[in-house]
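I have placed the structure first, in the form of C-alpha cells, so that the comments after it can refer back to it.
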Number of protein chains: 2
Amino acid sequence: MASVFPIAELRRSSDPLAWVDSIIKGDCVSALEALPDKSVDVIFADPPYNLQLGGALHRPDQSVVDACDDEWDQFASFEAYDAFTRAWLLACRRVLKPTGTIWVIGSYHNIFRVGATLQDLNFWILNDIVWRKTNPMPNFKGRRFQNAHETMIWASPDPKAKGYTFNYDAMKASNDDVQMRSDWLFPICSGGERLKGDDGKKVHPTQKPEALLARILMASSKPGDIVLDPFFGSGTTGAVAKRLGRHFVGIEREQDYIDAASARIAAVEPLGKVELTVLTGKKAEPRVAFNVLLEAGLVKPGQVLTDIKRRHSAIIRADGTLTANGEGGSIHRMGAKVQGLDACNGWTFWHVEEEGALKPIDDLRSVIRSRMGGLE
Amino acid sequence: MASVFPIAELRRSSDPLAWVDSIIKGDCVSALEALPDKSVDVIFADPPYNLQLGGALHRPDQSVVDACDDEWDQFASFEAYDAFTRAWLLACRRVLKPTGTIWVIGSYHNIFRVGATLQDLNFWILNDIVWRKTNPMPNFKGRRFQNAHETMIWASPDPKAKGYTFNYDAMKASNDDVQMRSDWLFPICSGGERLKGDDGKKVHPTQKPEALLARILMASSKPGDIVLDPFFGSGTTGAVAKRLGRHFVGIEREQDYIDAASARIAAVEPLGKVELTVLTGKKAEPRVAFNVLLEAGLVKPGQVLTDIKRRHSAIIRADGTLTANGEGGSIHRMGAKVQGLDACNGWTFWHVEEEGALKPIDDLRSVIRSRMGGLE
DNA sequence: GCTATGACTGAATCCCAGA
DNA sequence: GTCTGGGATTCAGTCATAG
C-alpha cells in the first residue's frame with residue numbers, strides 16, 4: 001500500500017522525504033505548500049475540466065449519458081476557474097525543479113484558460129500534444145464534429161530553462177526511427193484497465209489510460225525521478241510511475257479515490273533495471289577530443305583528411321589541429337572554413353582513407369570509446 | 001479581379017453591398033467597423049501567431065530556416081496581444097449574424113490566449129479542431145516533439161445561439177459514413193498551390209492549404225453565404241469561397257498581399273451545383289510503430305524476441321527499444337546489429353513465441369490496425 | 001522517356017558543458 | 001552571471017538536373 005498522509009501529519013513528520021511514494025490527503029494547494037521547494041522532476045496534472053453541461057445528455061435511444069457532473073468539476077465563473085488555476089499552478093511552480101517540466105491535460109472547456117495562465121505565470125510551453133482517441137464518444141445530436149481528442153500542454157518553469165529531460169533518441173527509436181510527433185493515438189481507458197467499484201460502476205469519471213502516462217514519463221523523465229500528480233484521482237500517474245521505476249507523489253481530497261489508488265499502486269510490480277534502461281544518443285557519449293585519436297596513433301601528423309566527395313582536404317598537424325589553404329583550426333572550424341559555413345561537425349565531415357574507402361573520423365572515436373570500456 | 005476598397009471609399013459608397021466579394025484595404029478593426037451589423041455568415045480568421053522566435057535556426061545541413069519574422073507578427077507582450085485579440089474579436093462579433101459561426105486558427109504560441117478571449121467575450125466554443133500536418137517541419141535540434149499540428153477553434157457568438165449551419169450528413173457521408181472527427185489530416189500548402197512572386201519566393205509566409213478551407217466552408221456554410229476573413233493574406237479563404245459558390249469579403253493591410261489575392265481569386269472558376277460535394281482529406285496507410293505494440297500491451301518490457309531460427313535474441317525495454325549484448329536501439333537497428341548488417345526490417349526479422357510457435361511481430365500490427373478502425 | 005540524385009523548403013518559441 | 005566553442009541535429013515532398 002502506498003502511504004497516505006493527511007497534510008497536518010505530513011507537516012509533523014521528522015522524515016523530510018516522507019511524502020515520496022505516498023498520497024497526500026487534502027486540498028491541492030495546501031498540500032503542495034507542505035512540500036519542499038524544487039523537489040520534483042515532473043508534474044502531471046489532470047485538473048477539473050469545468051464542463052458546462054446544460055442538463056442531462058440523452059443518447060438517441062433516450063438512455064442518459066453518465067456525464068462528469070461531480071461537485072468538484074463545478075465553478076461559478078471563468079474568473080473563479082482562472083483563480084483556481086493560477087493558485088495550483090503557482091504552487092506547482094515552487095515545488096518543480098528548474099530542470100523539471102509540467103504536463104497539463106484538458107479539453108476545449110478548460111485548456112485555453114490553463115494555457116493562457118501558464119504563459120501569464122512565465123512558464124514556457126515546449127509543445128502542445130494532441131491525444132487522439134481511437135474510440136471517442138460519438139456526438140449524439142449531430143450538431144458538432146465528434147470530439148475525438150484532448151490536449152496536453154508540456155512546459156518548463158522558465159523561458160530560459162535548458163536542462164529538462166527529453167529522451168529524444170528513445171522516442172525516435174521506438175517510433176520506427178522517425179521523430180515522435182505532437183499527435184498521439186491511444187484508446188480511452190476502458191475494459192479491464194478501468195477501475196470499477198463493488199457496484200460495477202466506474203470509480204472515477206475521467207480515468208486516464210496508462211499508455212498515455214507511460215509515453216509521457218518515458219519521454220520526459222528518468223528512472224528514479226519524482227513525479228507529482230496534484231489531482232491524483234484513481235492514481236494512474238502513481239501506478240505507471242512505480243512500474244517504470246520512478247517515484248511518485250499524489251494529492252487527492254476524496255477518500256474513495258485514495259483507497260482505490262492505494263490498492264491499485266500496491267499491486268504494481270516495478271520493471272527491472274535492464275528493461276528500464278533508456279536509449280541515449282551521441283549527446284550522452286563521453287567526449288573524445290581529436291588529439292586523443294592522434295595520441296592513440298589512429299591518425300598521424302601530416303595525414304590528409306578529405307570530405308566524403310574529396311572536394312575539400314586538410315592536413316593534420318601535430319598539435320591536433322588541421323591546416324588547409326594556409327589557415328589552421330580545429331576539425332570543426334576548418335570543416336566550416338573550407339565550405340564557407342559558420343559551423344560544421346568535423347567528426348562527420350572529415351574522412352580518412354582506409355583500403356581505398358573513405359570513413360568518417362567519427363568511426364575512430366568509437367574505437368577509442370570501446371577501448372575505454374565505459375571509463376572516462 | 002476582386003474589387004479592392006480603401007476603408008474610406010467603402011464608407012462613401014452608395015451601394016450597401018459594395019463590400020461583398022471584395023477586399024477591403026486597411027486595418028482589421030477599422031475595416032470591420034465599416035461593415036453592417038449581423039451581415040456575415042461565417043468568419044475564418046488566421047491572426048498573427050506572435051511566435052517569439054529567438055535567433056536563426058539552422059538545419060543539420062547548416063541551411064537557415066526561413067522563419068516568419070515579419071513585423072506584423074511582433075507584439076510587445078502578452079497583454080498587447082490580448083488587447084489586439086479582444087479588439088478584433090469584438091469587432092467580428094458585431095458583424096456576425098446570430099446564426100453565424102467563427103473559426104480561428106493558431107498554434108500553441110497564441111491559440112490558448114485566443115480561446116480564453118473567445119470565452120471571456122461570451123462566444124460559445126463548439127469544437128476545437130486539430131489540423132494534423134502530413135508533412136510538418138522537423139524539430140531540428142531534437143529537444144522537443146515535432147510540432148506537427150495546428151489548432152482551430154469553432155465557436156458561435158452566443159451560448160444560446162442555435163441556428164448555426166453544420167452540414168452533419170454531408171460531413172458524415174464524405175467520411176466513409178462515420179461522423180467527422182475533430183482531428184483532420186491535410187498536407188501543408190506547397191508545390192503548385194503555393195503562391196510565388198516573380199523572384200520565385202513565397203508571396204506569404206503562412207499561406208493555408210485550400211483543402212483545409214474547403215472542409216471548413218463545406219461543414220459550416222451554405223452556398224450563397226457570406227464568408228469574412230479579417231486577415232486575408234494571400235486570399236485562400238476568398239479563392240475557396242468563390243470556388244464553392246459562397247461570397248467572400250477580405251480585410252488586408254499589405255498591398256502586395258492584396259495584389260496576389262486579387263489575381264488569384266480572379267482566376268477561380270466557381271463549381272457547378274453538382275460538384276459542391278465535400279472534399280475529403282488524405283487517407284494514408286496506417287503506420288504502426290513498435291511503441292504502439294508496447295503501449296497496447298501486445299508485447300511487454302522484458303519480453304524476449306528472437307529471429308525465426310532462434311539464432312539471435314533481444315530483450316524489449318520500456319522505452320520501446322531493444323537491447324542485446326549490452327547495446328540498444330530500434331527494432332531495425334538491433335536486427336541489423338545482431339546480424340552484422342547495415343540494415344534490417346525489424347518487423348519481419350523479430351518474432352515472439354505464442355503457444356510454442358514463433359510469429360513475426362509484424363503480425364501484431366494487424367491487431368492494432370483492426371483496433372484503430374482505419375485511423376492513422 | 002524513365003529513373004536516380006541532389007538541392008531546396010515549410011507558422012520553429014530548437015544545445016550545453018566548461019571556463 | 002556571461003562567454004566560448006565543441007559538435008549534435010531533419011521529414012515529407014517538390015523540382016531541377018543528370019544519367
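Computed from heavy atoms alone, side chains included, the values below leave out hydrogens, waters and symmetry copies. Labels below follow one simple rule: chain letters A, B, ... track the order of the sequence lines, proteins then strands, and each chain is numbered from 1.
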Using a 4.0 Å heavy-atom cut-off, does A:Thr348 contact any base of the nucleic acid, only the sugar-phosphate backbone, or nothing at all? nothing

For A:Tyr164, does the six-membered ring have the charged nitrogen or CZ of B:Arg143 within the cation-pi criterion, i.e. under 6.0 angstrom from the centroid and within 45° of the normal? yes

Using the P atom as the reference point in each nucleotide, state the distance between C:dT9 and D:dA8 in Å, no decimals. 27 Å

Only one of A:Trp124, A:Phe44, A:Phe166, A:Phe123 clears ring pair (Phe, Tyr, Trp, His ring centres under 6.0 Å) with A:Trp154; which? A:Phe166

Counting any heavy atom closer than 4.0 Å, what does A:Leu126 reach on the DNA or RNA strands: base, sugar-phosphate only, or nothing? nothing

Quick one: which of C:dA12, D:dG6, D:dT9 gets closest to the side chain of B:Ala67? C:dA12

At 4.0 Å (heavy atoms only), tell me whether A:Val178 reaches a base, stays on the sugar-phosphate, or touches nothing. sugar-phosphate

Return the 5'-most residue of the pair B:Lys196, A:Phe290 with respect to DNA chain D, ranking by each residue's nearest nucleotide. A:Phe290

Please report the shortest heavy-atom distance between B:Pro205 and B:Tyr257, naming the atom on each side. CD-OH, 3.7 Å

Roughly, in whole Å, what's the span from CG in A:Asn291 to P in D:dG6? 11 Å

Watson-Crick/G-U partner (both atom distances under 3.5 Å) of C:dT5: D:dA16

B:Asn135 CG to D:dC15 P, in whole Å, measures 13 Å

Quick note, A:Arg287 side chain, CB onward, closest among C:dG10, D:dG6, D:dT9 is D:dG6

B:Thr206 near the nucleic acid: base, sugar-phosphate alone, or nothing, with a heavy-atom cut-off under 4.0 Å? base

What nucleotide among C:dC15, C:dA11, D:dT10 has an atom nearest to a side-chain atom of B:Asp61? D:dT10

What's the closest nucleotide to the B:Arg194 side chain, out of C:dA11, C:dA12, D:dA8? C:dA11

Contact under 4.0 Å: A:Lys309 side-chain N or O vs C:dG6 OP1/OP2: yes

At 4.0 Å (heavy atoms only), tell me whether B:Asp73 reaches a base, stays on the sugar-phosphate, or touches nothing. base

At less than 3.5 Å, do the side-chain atoms of A:Arg365 and the base atoms of D:dG7 form a donor-acceptor pair? no

For C:dA12 and B:Arg143 - does any side-chain N or O of the residue sit under 4.0 Å from the phosphate oxygens OP1/OP2? no

Contact class for A:Glu285 vs. all strands (heavy atom < 4.0 Å): base, sugar-phosphate, or nothing? nothing

Does A:Asn127 reach a base, just sugar-phosphate, or nothing at all? Heavy atoms under 4.0 Å. nothing

Would you indicate what B:Gly233 reaches in the nucleic acid, counting non-hydrogen atoms under 4.0 angstrom: base, sugar-phosphate, or nothing? nothing

A:Tyr168 versus A:Lys283: any side-chain heavy-atom pair under 4.5 Å? no

Which part of the nucleic acid does A:Pro159 contact within heavy-atom distance under 4.0 Å: base, sugar-phosphate only, or nothing? nothing

State the pairing partner of C:dC14; accept Watson-Crick or G-U wobble contacts with both distances under 3.5 Å, and report none otherwise. none

Where do A:Glu150 and A:Tyr108 land on the side-chain hydrogen bond (donor to acceptor under 3.5 Å, both in side chains) test, with the steps shown first? CA-CA 8 Å; A:Glu150 295 190 28; A:Tyr108 66 81; over 6 Å; no

With nearest nucleotide decided by heavy atoms, which residue, B:Gly142 or B:Asp66, maps closer to the 5′ end of DNA chain C? B:Asp66

Between D:dT10, C:dA12, C:dC15, spot the one nearest the side chain of B:Pro138, thanks. D:dT10

Can you figure out which of C:dA11, D:dT10, C:dG10 approaches the side chain of B:Arg59 most closely? C:dG10

Starting at atom CG of B:Asn139, determine the distance to atom P of C:dC15, rounded to an integer number of angstrom. 9 Å

What is the separation between atom CG on B:Asn147 and atom P on C:dC14, rounded to the nearest whole Å? 11 Å

Tell me whether the OP1 or OP2 atom of D:dG6 has a side-chain N or O from A:His332 closer than 4.0 Å. no

Whom does C:dA19 pair with, Watson-Crick or G-U wobble, provided both distances fall under 3.5 Å? D:dT2

Whole-Å gap separating P (D:dG6) and CD1 (A:Ile361): 13 Å

Is the distance from OP1 or OP2 of D:dT10 to the nearest side-chain N or O of A:Lys172 less than 4.0 Å? yes

Using heavy-atom distances to pick each residue's nearest nucleotide on DNA chain D, tell me which of A:Asp177 and A:Asn345 is more 5'. A:Asn345

Cation-pi check for B:Trp72 against B:Arg253: NZ or CZ below 6.0 Å from the six-membered ring centre and within 45 degrees of the axis, yes or no? no

Between C:dC14 and D:dG7, how far is it from one C1' atom to the other, in whole Å? 15 Å

In whole angstroms, the gap separating P of D:dG7 from NZ of A:Lys282 amounts to 10 Å

Which residue in the set A:Thr151, A:Asp183, A:Asp128 passes side chain to side chain donor-acceptor pair (under 3.5 Å) when paired with B:His149? A:Asp128

Is A:Ala343 touching bases, backbone alone, or none of the nucleic acid, heavy atoms closer than 4.0 Å? base

Side chain of B:Pro60 only, heavy atoms from C-beta on: which candidate in C:dG10, D:dT9, C:dC16 is closest? D:dT9

Report which part of the nucleic acid B:Pro209 touches: base, sugar-phosphate, or nothing (heavy-atom distance under 4.0 Å, all strands). nothing

A:Lys283 vs D:dT9: side-chain N/O to OP1/OP2 distance below 4.0 Å: no

Using a 4.0 Å heavy-atom cut-off, does B:Gly192 contact any base of the nucleic acid, only the sugar-phosphate backbone, or nothing at all? sugar-phosphate

With rounding to the nearest 0.5 Å, note down the distance linking CG in A:Asn345 to CD1 in A:Ile331. 7.5 Å

Please tell me if A:Ser330 has a side-chain N or O lying less than 4.0 Å from either OP1 or OP2 of D:dG6. yes

Heavy-atom pair of closest approach, residues B:Gly250 and B:Phe232: CA-CD1, 3.4 Å

Round to the nearest Å and state the distance from B:Met137 atom CE to D:dA12 atom P. 14 Å

Within this structure, what is the CG-to-P distance between A:Asp128 and C:dA11, rounded to whole angstrom? 16 Å

Side chain of B:Phe140 only, heavy atoms from C-beta on: which candidate in C:dG6, D:dC11, C:dA11 is closest? D:dC11

Is D:dT10 paired to anything, Watson-Crick or G-U wobble with both distances less than 3.5 Å, and if yes, which nucleotide? none

Rounding to the closest angstrom, what is the interatomic distance between C:dA7 and D:dT10 at atom C1'? 15 Å

Over all atoms of both residues, closest heavy-atom pair of B:Val64 and B:Ala56: CG1-CB, 4.3 Å

Using a cut-off of 4.0 Å on non-hydrogen atoms, how would the nucleic acid contact of B:Cys189 be classed: base, sugar-phosphate, or nothing? nothing

DNA chain C: B:Pro136 or A:Lys162, which has the more 5' nearest nucleotide? B:Pro136

Go through C:dA12, D:dT10, C:dA11 for me and flag the one nearest to the A:Tyr168 side chain. D:dT10

